[in-house]
Amino acid sequence: MIRFILLQNRQGKTRLAKYYVPLEDSEKHKVEYEVHRLVVNRDPKFTNFVEFRTHKIIYRRYAGLFFSLCVDITDNELAYLECIHLFVEILDHFFSNVCELDLVFNFHKVYLILDEFILAGELQETSKRAIIERMGELEKLE
């Protein structure tokens with residue numbers, strides 16, 4: 001199960017945070033800070049999986065953004081690494097070459113895409129085409 005998803009830039013600014021387990025606000029800020037310190041200072045030669053408390057952080061860096069997932073210790077790391085890549089592909093297709101500013105100014109659309117993709121901490125849809133079509137339908141409604 002996915003505990004939380006974080007998108008952070010290299011400076012540690014959180015651009016998207018979605019929690020699937022209840023945490024206090026102070027704990028959320030602490031977790032965001034710790035995860036950022038963990039992934040930013042890590043050598044690129046190491047794997048993209050790191051233990052964090054009693055869970056695992058799976059992260060991937062795209063340009064200046066770190067996409068981090070916190071999952072259970074027994075979950076498949078490669079499946080979630082592929083999940084991150086699929087999420088980035090969907091964002092890239094939807095925003096036509098996505099950048100950090102797209103995430104900042106269209107955060108509501110990013111959360112919609114995420115909700116189409118992941119539900120209650122579990123992967124809901126793995127088809128890029130199905131998610132893009134659904135987002136197209138939602139765009140027509142606006």
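Residues: numbered from 1 along the sequence shown. Values below: all heavy atoms of this structure, side chains included; hydrogens, waters and symmetry mates excluded.
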Peer 1: Does the side chain of Leu6 come within less than 4.5 Å of Phe67's, by heavy atoms?
Peer 2: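 Contact flag for Phe67/Leu6 side chains = no.
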
Peer 1: Donor-acceptor check, side chain of Tyr111 to backbone of Ala17, threshold 3.5 angstrom: yes or no?
Peer 2: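 A pair under 3.5 Å: yes.
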
Peer 1: Sequence neighbours left out, what passes salt bridge (charged side-chain N to carboxylate O under 4.0 Å, His left out) with Glu24? Give chain and number order.
Peer 2: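 For Glu24 there are no salt bridge (charged side-chain N to carboxylate O under 4.0 Å, His left out) partners, ignoring immediate neighbours.
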
Peer 1: Determine whether Ile2 and Ile118 make a side-chain contact, defined as any pair of heavy atoms from C-beta on separated by less than 4.5 Å.
Peer 2: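 A side-chain contact under 4.5 Å exists here.
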
Peer 1: With sequence neighbours excluded, give me every side-chain hydrogen bond (donor to acceptor under 3.5 Å, both in side chains) pair touching residues 98-110.
Peer 2: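 Residue pairs passing side-chain hydrogen bond (donor to acceptor under 3.5 Å, both in side chains), neighbours aside: Asn9-Glu100, Arg15-Glu100.
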
Peer 1: Looking at SG of Cys99 and CG of Leu65, how far apart are the two atoms once the value is rounded to the nearest 0.5 Å?
Peer 2: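 Rounded to the nearest 0.5 Å, the SG-CG separation comes out at 9.0 Å.
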
Peer 1: Just distance, no hydrogens or angles: give the donor-acceptor pairs under 3.5 Å from side chains in residues 120-127, sequence neighbours left out.
Peer 2:
| from | atom 1 | to | atom 2 | distance (Å) |
| --- | --- | --- | --- | --- |
| Glu125 | OE2 | Ser127 | N | 3.1 |
| Ser127 | OG | Ala130 | N | 3.2 |

Peer 1: If I take atom CG from residue Leu16 and atom CD1 from residue Ile113, how far apart are they, to the nearest 0.5 angstrom?
Peer 2: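 So the gap between those two atoms works out to 10.5 Å.
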
Peer 1: The criterion is side chain to side chain contact (heavy atoms under 4.5 Å, CB included); which residues satisfy it with Asp43, sequence neighbours excluded?
Peer 2: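 In terms of side chain to side chain contact (heavy atoms under 4.5 Å, CB included), with neighbours along the sequence ignored, Asp43 is linked to Lys45, Phe46.
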
Peer 1: Answer with yes or no whether the hydrophobic clustering places Leu138 together with Phe87; edges join I, L, V, M, F, W, Y residues whose side-chain heavy atoms lie under 4.5 Å apart.
Peer 2: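 Yes; tracing contacts between hydrophobic side chains, which count when under 4.5 Å, links both residues.
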
Peer 1: Determine, step by step, whether Glu137 and Arg134 satisfy the salt bridge (charged side-chain N to carboxylate O under 4.0 Å, His left out) criterion, reporting the C-alpha distance in whole Å, the side-chain angles of both residues, the deciding distance to 0.1 Å, and the verdict.
Peer 2: CA-CA 5 Å; Glu137 291 172 13; Arg134 178 70 179 133; 3.4 Å; yes

Peer 1: If only atom types and distance count, is the side chain of Asn41 paired as donor or acceptor with the main-chain N or O of Arg37 below 3.5 Å?
Peer 2: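 Such a contact is found between Asn41 side chain and Arg37 backbone.
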
Peer 1: Taking only residues two or more places apart in sequence, or in another chain, which ones meet Lys13 in a side chain to side chain donor-acceptor pair (under 3.5 Å)?
Peer 2: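 In terms of side chain to side chain donor-acceptor pair (under 3.5 Å), with neighbours along the sequence ignored, Lys13 is linked to no residue.
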
Peer 1: Does Phe107 have more than 12 heavy atoms from other residues, nucleotides or ligands lying within 6.0 Å of its CZ?
Peer 2: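 No - once you tally the heavy atoms of other residues, nucleotides and ligands closer than 6.0 Å, there are 12 at most.
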
Peer 1: Of all residues at least two apart in sequence or in a different chain, which pass the salt bridge (charged side-chain N to carboxylate O under 4.0 Å, His left out) check with Glu32?
Peer 2: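 With sequence neighbours excluded, Glu32 shows a salt bridge (charged side-chain N to carboxylate O under 4.0 Å, His left out) to no residue whatsoever.
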
Peer 1: Who are the side chain to side chain donor-acceptor pair (under 3.5 Å) partners of Arg53, not counting sequence neighbours?
Peer 2: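 Counting only residues at least two positions away or on another chain, Arg53 forms a side chain to side chain donor-acceptor pair (under 3.5 Å) with Glu27, Glu34.
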
Peer 1: Show the numbers, then the answer: is there a side chain to side chain contact (heavy atoms under 4.5 Å, CB included) between Leu112 and Phe94?
Peer 2: CA-CA 12 Å; Leu112 270 176; Phe94 187 76; over 6 Å; no

Peer 1: Which residues pass the side chain to side chain donor-acceptor pair (under 3.5 Å) test with Asp72, not counting sequence neighbours?
Peer 2: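 With sequence neighbours excluded, Asp72 shows a side chain to side chain donor-acceptor pair (under 3.5 Å) to Arg3, given in chain and number order.
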
Peer 1: Go through the structure and list residues passing side chain to side chain contact (heavy atoms under 4.5 Å, CB included) with Lys128, not counting sequence neighbours.
Peer 2: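 Here the qualifying residues are Leu86, Glu89, Ile90, His93, Ile132.
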
Peer 1: Give the table of side-chain donor-acceptor pairs shorter than 3.5 Å for residues 54-61, with sequence neighbours excluded, one pair per line with atom names and distance.
Peer 2:
| from | atom 1 | to | atom 2 | distance (Å) |
| --- | --- | --- | --- | --- |
| Lys56 | NZ | Ile73 | O | 2.9 |
| Lys56 | NZ | Asp75 | O | 2.8 |
| Lys56 | NZ | Glu77 | OE2 | 2.7 |
| Tyr59 | OH | Arg42 | NE | 3.1 |
| Arg60 | NE | Tyr62 | OH | 3.4 |
| Arg60 | NH1 | Tyr62 | OH | 3.4 |
| Arg61 | NE | Ala63 | O | 2.9 |
| Arg61 | NH2 | Ala63 | O | 3.4 |

Peer 1: How long is the straight-line distance from OG of Ser68 back to CZ of Phe52, given to the nearest 0.5 Å?
Peer 2: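 Rounded to the nearest 0.5 Å, the CZ-OG separation comes out at 10.0 Å.
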
Peer 1: Under the ring-ring contact (aromatic ring centres under 6.0 Å, His included) definition, can you give me all pairs with a residue in residues 18-42, not counting sequence neighbours?
Peer 2: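 Sorted pair list: Phe4-Tyr19.
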
Peer 1: Identify, with sequence neighbours excluded, every residue that meets side chain to side chain donor-acceptor pair (under 3.5 Å) alongside Asp115.
Peer 2: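 By the side chain to side chain donor-acceptor pair (under 3.5 Å) rule, Asp115 matches Lys18.
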
Peer 1: Determine, stepwise, if the pair Thr14 / Leu7 fulfils side chain to side chain contact (heavy atoms under 4.5 Å, CB included).
Peer 2: CA-CA 6 Å; Thr14 301; Leu7 271 64; over 6 Å; no

Peer 1: Do Leu78 and Ile5 share a hydrophobic cluster, counting only Ile, Leu, Val, Met, Phe, Trp and Tyr and linking them when any side-chain heavy atoms are less than 4.5 Å apart?
Peer 2: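 The answer is yes; both residues are in one hydrophobic cluster.
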
